[in-house]
Amino acid sequence: MIRFYNTLSGKTEEFKPLRPGQVGLYTCGPTVYDYPHIGNYRAYIFEDILKRFLIFSGFKMTHVMNITDVDDKTIKGANVLGLSLNDYTKKYIEAFFEDLKVLRILPADYYPRATEHIEDMVRMVRGLLDKGYAYLKDGSVYFSLIRFPDYGKLSKINKEELKAGARVESDEYEKESVYDFVLWKKARPGEPCWETELGPGRPGWHIECSAMSTRYLGPTFDIHCGGIDNIFPHHENEIAQSEAYYGQKFVNYWLHCHHLVVDGEKMSKSKGNFYTLRDLLARKIDPVDLRYFLLSTHYRKMLNFTFDNLEQAKASRQRIIDFVYVLQHQPLPETSQTESASALVASALSNFQDSLADDLNISAALAALFEFIREINSRLARNELSRQAADQVLTAIYQMDKVLAVLPEKKEEELPAEILKKIEQREQARREKNFALADSIRQELLQQGIVLEDTREGVRWKKIN
RNA sequence: GGCGCGGUACCCAAGCGGCUAAGGGAGAGGUCUGCAAAACCUCGAUUCGUCGGUUCGAGUCCGACCCGCGCCUCCA
């Protein structure tokens with residue numbers, strides 16, 4: 001049984017998709033006005049683990065992630081550079097897809113862009129007007145909260161208390177009530193706009209997700225994800241728009257991931273603790289180490305990014321990598337003592353799966369993996385593992401890695417001929433018991449980020465950063 | 001003011017009423033090794049922010065308090 005914590009109910013619930021074996025998933029994507037920061041990627045990696053786990057569990061996924069390519073920030077950015085909206089966002093959209101690849105985030109089935117779904121949004125806004133949930137004022141359309149009594153059910157926000165809130169900024173647009181939010185913004189000079197039956201203008205932010213999610217997944221779908229900061233107002237507004245328009249439940253399970261902070265504080269450009277993936281790559285951080293770091297803490301817990309914590313994650317991941325390497329390369333006896341290994345493999349896999357099934361308890365899942373590694377290593381040290389058993393273990397590890405995606409690519413990395421020559425020179429020196437030379441070569445290669453390990457089966461090298 | 005999250009060993013982090021409080025990192029000792037590295041073995045919290053309460057039994061439930069953090073119409 002798979003269980004998830006549902007923000008809507010505030011409880012952990014059994015997961016039952018609308019259609020057996022199939023899951024519709026919508027995840028809030030980037031606003032492409034700049035490079036995403038590593039906090040954004042925490043959310044996307046959480047969603048990736050969720051999706052990979054559901055696939056691992058046998059579900060067929062339909063995953064939609066929106067790309068917000070028209071909003072105040074993209075418009076402003078484009079205007080500053082004197083570019084068209086499309087020319088401006090293109091660069092960031094491409095960068096986003098590159099980042100997803102290096103972080104091993106599985107691609108969504110659809111990446112709808114707001115600018116390509118104006119019609120869907122207009123249809124919905126039109127419908128909301130017709131049903132009396134929205135009103136037109138001064139060329140813009142607003143959603144009226146007093147017409148939607150369920151408002152606040154996701155964020156547990158009380159409408160009456162909203163006005164007592166810390167910040168009630170008056171929007172530049174005219175609303176009947178401060179809580180109302182904009183569905184359609186009338187055209188203004190210097191801003192891109194679309195000629196529609198609502199009049200010239202552009203969509204508000206919230207309507208985009210309502211229109212595009214239901215366009216691809218239907219009026220009611222299974223899972224909607226995002227960061228906790230999206231609960232209010234974004235997701236609350238999505239519910240209001242969608243349920244008012246379709247007259248049925250919008251989303252069954254709302255899953256939200258907590259924030260990433262840096263040195264205990266929220267990332268902000270002014271504090272100088274703001275990192276994009278590119279910043280870290282420039283510092284020679286292995287993106288898969290970052291992936292491991294971001295996934296290794298439960299998604300509903302605040303995660304503190306520090307370089308020290310990243311180092312710890314790297315070391316943990318290296319333990320898994322070394323384990324796999326040894327199993328693949330160490331000559332092992334053929335004698336089949338596989339039975340006891342089969343039991344270990346089975347229990348490791350089931351512990352791993354059961355842990356993730358419990359609201360993605362990644363810590364427990366990783367503990368299952370590491371316990372398994374220690375147990376098998378122990379047998380290896382006592383020379384009690386056969387080739388067949390090792391292969392079974394490897395199969396299990398790679399299965400778990402279908403969810404984690406932290407193991408090195410299968411293809412063997414090549415070293416430059418020059419380095420290989422050094423390694424051979426050192427081997428020669430060792431044979432001649434010229435350990436001073438051997439050690440100096442090892443030291444030299446270490447400077448270049450290559451670690452040499454002498455094993456019974458010969459020298460092994462690995463790269464470090 | 002409202003809503004919410006967290007405080008478990010040097011660091012990260014599970015456990016959410018009942019076997020000796022998972023797992024990873026760092027550290028200490030040992031085995032192996034020319035030396036390293038990796039790996040294995042051993043050690044490491046009489047104790048879970050504090051104080052009360054409930055219970056046969058509490059990190060785990062209840063209350064109060066102390067610290068840190070987030071959100072309250074830009075935000076993953």
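Reminder, nothing fancy here: chain letters follow the sequence lines and each chain counts from 1.
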Member of A:Asp286, A:Asp289, A:Asp308 meeting the salt bridge (Lys or Arg N to Asp or Glu O under 4.0 Å) criterion with A:Lys314 = A:Asp289

Result for 5'-nearest mapping on RNA chain B, choosing between A:Asn237 and A:His298, is A:His298

Could you tell me which residues satisfy salt bridge (charged side-chain N to carboxylate O under 4.0 Å, His left out) with A:Arg291, sequence neighbours excluded, listed by chain and number?
-> A:Asp48

Check: A:Tyr133 ring centroid to A:Tyr135 ring centroid under 6.0 Å | no

How would you list, by chain and number, every residue that makes a salt bridge (charged side-chain N to carboxylate O under 4.0 Å, His left out) with A:Glu427, sequence neighbours excluded?
-> A:Arg430

Mapping A:Tyr41 and A:Asp358 onto RNA chain B by nearest heavy atom, which one lands closer to the 5' end?
-> A:Asp358

Identified pairing partner of B:rC10, criterion: Watson-Crick or G-U wobble below 3.5 Å = B:rG25

What distance, rounded to whole Å, do you find between the two P atoms, one in B:rC62 and one in B:rC16?
-> 15 Å

Does A:Asn377 place a side-chain N or O at less than 4.0 Å from the phosphate oxygens OP1/OP2 of B:rA39?
-> no

Spacing of the C1' atoms in B:rG25 and B:rC65 (rounded, Å) = 34 Å

Sticking with atom C1', work out how far B:rC32 lies from B:rG15, rounded to a whole angstrom.
-> 36 Å

Please list all pairs passing the salt bridge (charged side-chain N to carboxylate O under 4.0 Å, His left out) test where one or both residues lie in residues 23-40 of chain A, with sequence neighbours left out.
-> A:Asp34-A:Lys269

Distance-only donor-acceptor test (3.5 Å): side chain A:Asp454, base B:rC35 | yes

Got a sec? Which of residues 438-448 of chain A come in under 4.0 Å of RNA chain B, heavy atoms?
-> A:Asp439, A:Arg442

Which part of the nucleic acid, if any, lies within reach of A:Leu260 when heavy atoms closer than 4.0 Å are counted: base, sugar-phosphate only, or nothing?
-> base

Which part of the nucleic acid does A:Lys301 contact within heavy-atom distance under 4.0 Å: base, sugar-phosphate only, or nothing?
-> sugar-phosphate

A:Thr297 near the nucleic acid: base, sugar-phosphate alone, or nothing, with a heavy-atom cut-off under 4.0 Å?
-> sugar-phosphate

For A:Asn309, report the nucleic acid contact type (base, sugar-phosphate, nothing); a contact means any heavy atom under 4.0 Å.
-> sugar-phosphate

Identity of whatever pairs with B:rG68 - Watson-Crick or G-U, under 3.5 angstrom = B:rC5

Can a donor-acceptor pair under 3.5 Å be found between the side-chain atoms of A:Lys73 and the base atoms of B:rC74?
-> yes

Are A:Asn6 and A:Tyr253 close enough, and set up right, to give a side chain to side chain contact (heavy atoms under 4.5 Å, CB included), and what steps lead you there?
-> CA-CA 5 Å; A:Asn6 189 349; A:Tyr253 301 89; 3.8 Å; yes

What pairs of nitrogen or oxygen atoms, one from the protein and one from nucleotides 23-27 of chain B, lie under 3.5 Å apart?
{"from": "B:rG23", "atom 1": "OP1", "to": "A:Arg374", "atom 2": "NH2", "distance (Å)": "3.3"}
{"from": "B:rG24", "atom 1": "O2'", "to": "A:Ser316", "atom 2": "OG", "distance (Å)": "2.1"}
{"from": "B:rG24", "atom 1": "N2", "to": "A:Gln312", "atom 2": "OE1", "distance (Å)": "2.7"}

Pairs touching residues 344-356 of chain A that satisfy salt bridge (charged side-chain N to carboxylate O under 4.0 Å, His left out), sequence neighbours left out | none

Test A:Asp69 against every option in A:Thr74, A:Thr115, A:Thr89 by the side-chain hydrogen bond (donor to acceptor under 3.5 Å, both in side chains) rule and name the one that passes.
-> A:Thr115

Please give the nucleotide sitting opposite B:rC40 as a Watson-Crick or G-U wobble pair, both distances under 3.5 Å, or none.
-> B:rG30

Of B:rC3, B:rG34, B:rG70, the nucleotide closest to the side chain of A:Arg426 is B:rG34

Near-ring test A:Tyr92/A:Tyr33, centroid separation under 6.0 angstrom | no

Aromatic contact, A:Tyr275 with A:His37 (centres under 6.0 Å) | no

Separation between the P atoms of B:rU60 and B:rC3, rounded to whole Å = 24 Å

